[in-house]
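For reference, the structure is listed below as structure tokens.
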Amino acid sequence: MTPTYTGRFAPSPTGPLHAGSLVAALASWLDARAHRGRWLLRIEDTDRLRCVAGADREIVRQLAALGLRPDAPPQWQSARGDAYAAALQRLVDAGHAYPCGCSRREIDDALAAAGRRPPRHGERVYPGTCRPERGGLRGRPPRAWRVRVGSDEAPVVIRWHDRRLGQQQQNVTAEVGDFVLRRADGPWAYQLAVVVDDAAQGVTDVVRGEDLADNTPRQIHLQRLLGLPTPRHLHTPLVRDARGEKLSKQTGAAPLDVAEALAALRAAGAVLGVEVDAASAGDWLARAVDAWAASWPLV
Ligand code: GLU
């Protein structure tokens, strides 16, 4: 029987698990267990430069020490290049993706010439210079592969429901533009890899940190172009440091001490609104599953 629920935790192995990443891991595990589903672990190591040697094994070890064990062997994205290449080829063949030869500088110059400013967090909305109908690469070498995201006349507006954040909407054309699927120097973009793998692993439910919520419309756009199902989504609260910034490896979050499993689970549970009494980590997890099931029905 195919399971009706498959969830996953998909860490990038840029360092060991910390108090912030545990929240996402725990929420995805609790949601899978509360809905009698499968829980998978996927190591997102497409960007080799950001990966830290051994961090993947350490994450697996930390999760196991907390009692969070995946239902199948972990999958590494670095072994999945053929699947991403096949998806990119399908998009190219259908006219949805194209090679781009622009440098950052050229993109900035083109945006300035068009009187456009980067609208969000300084993110560049690609002006479409290398779209085939506008002349393509014009003899330049490709730097990246991009996916088309609508046009000013027919923008791609994605509406989606998040189980915690409620109804969401983004005009992907205006706010993101034609985004990168693969950099010419090699790495596959997170957006393509995540969509291909979620479909290949039969993921029905994406439970992850709120900082990733604004990637969801890009992923839904790709799912629609590739004819893949869109999972349900639940984006969890983030753990913030004393300055209010998201706790992350980049801002120096300490590795999680799994020798204190119960304390670590309690702290992550508190961020998720799960507060249960328990004498051991295993006991805490069992009670937390019941609490979670009562709070987060599958709607
Ligand atoms: N690998 C991503 C990260 O660690 C998460 C991907 C996802 O859950 O979709 O930030």
Side-chain angles (χ1 to χ4, degrees), residues 5-32 37-52 55-60 62-63 68 70 74-80 83-84 87 121 158 160 162-165 168 170 176 179-181 187-223 226 228-240 245-251 253 255-256 268 272:
Y5 182 113
T6 298
R8 81 323 189 256
F9 175 51
S12 305
T14 53
L17 216 55
H18 55 77
S21 42
L22 175 59
V23 171
L26 178 63
S28 64
W29 185 90
L30 286 172
D31 203 48
R38 295 198 309 152
W39 185 68
L40 306 177
L41 177 61
R42 186 169 73 226
I43 306 291
E44 301 214 320
D45 58 345
T46 52
D47 189 347
R48 299 280 180 102
L49 291 178
R50 288 185 55 229
C51 295
V52 171
D56 49 358
R57 283 191 306 276
E58 178 61 7
I59 291 170
V60 173
Q62 289 173 300
L63 290 170
L68 309 179
Q75 179 170 298
W76 273 260
Q77 286 193 326
S78 52
R80 299 268 305 146
Y84 310 145
H121 320 303
I158 303 281
W160 56 283
D162 183 276
R163 288 164 59 204
R164 176 172 155 262
L165 303 173
Q168 306 287 308
Q170 186 183 59
V176 180
F179 57 89
V180 170
L181 301 177
W188 293 97
Y190 157 64
Q191 310 296 351
L192 182 67
V194 85
V195 158
V196 169
D197 284 343
D198 281 341
Q201 293 183 290
V203 168
T204 60
D205 285 82
V206 169
V207 177
R208 61 185 173 195
E210 197 178 283
D211 54 321
L212 293 166
D214 78 346
N215 292 278
T216 306
R218 268 170 276 184
Q219 293 166 10
I220 294 174
H221 179 56
L222 285 178
Q223 283 153 357
L226 287 164
L228 302 173
T230 291
R232 275 179 295 243
H233 290 91
L234 189 163
H235 287 89
T236 63
L238 301 180
V239 181
R240 301 192 181 273
E245 303 215 12
K246 181 202 158 195
L247 200 65
S248 72
K249 285 157 268 205
Q250 287 73 25
T251 60
L256 197 71
L272 295 167

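Counting starts at 1 for both ligands and their atoms, in listed order. For reference, positions follow the sequence shown, starting with 1. Heavy atoms only: backbone and side chains are in, while hydrogens, waters and symmetry mates are out.
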Distance from [atom] to nearest protein heavy atom, with residue and atom:
atom: atom 6 (C) of ligand 1; result: Glu44 OE1, 3.2 Å
atom: atom 5 (C) of ligand 1; result: Ala10 O, 3.3 Å
atom: atom 10 (O) of ligand 1; result: Leu212 CD1, 3.9 Å

Next item on the list: Between His233, His235, Arg208, flag the one that comes closest to atom 9 (O) of ligand 1 by a heavy atom.
Entry: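 It is Arg208 that holds the nearest heavy atom.
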[X] and [Y]: side-chain donor and acceptor closer than 3.5 Å?
X: Thr216; Y: Arg208; value: yes
X: Tyr5; Y: Asp31; value: yes
X: Gln201; Y: Arg42; value: yes

Next item on the list: Would you check whether Phe9 reaches within less than 4.0 Å of ligand 1, judged by its heavy atoms?
Entry: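 False for this residue.
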Margin query: With nothing but distance in play, are any N or O atoms of Pro11 less than 3.5 Å from an N or O of ligand 1?
Written below: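 Among all N and O atoms of Pro11, none is under 3.5 Å from an N or O of ligand 1.
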Proximal ligand 1 atoms for [X], defined as those under 4.0 Å from one of its heavy atoms:
X: Tyr190; answer: 6 (C), 7 (C), 9 (O)
X: Ser12; answer: 1 (N), 2 (C), 3 (C), 4 (O)
X: Arg8; answer: 7 (C), 8 (O), 9 (O)
X: Val194; answer: 9 (O)

Margin query: With side-chain contact (heavy atoms from CB on, under 4.5 Å) as the test, pick out the partner of Leu247 among Val239, Val23, Leu238.
Written below: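 The passing option is Val239.
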Check: Within the side chain of Asp45, is there an N or O that forms a donor-acceptor pair under 3.5 Å with the backbone of Gln77?
Finding: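 Yes, Asp45 side chain to Gln77 backbone: donor-acceptor pair under 3.5 Å.
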Checklist line | Centroid-centroid under 6.0 Å between Trp160 and His235 rings | finding: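 For Trp160 and His235, the ring centres are under 6.0 Å apart.
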Next item on the list: Sort out for me which residue in Arg218, Gln219, Glu44 forms a side chain to side chain donor-acceptor pair (under 3.5 Å) with Tyr190.
Entry: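 Running side chain to side chain donor-acceptor pair (under 3.5 Å) over Arg218, Gln219, Glu44 with Tyr190 returns exactly one hit, Gln219.
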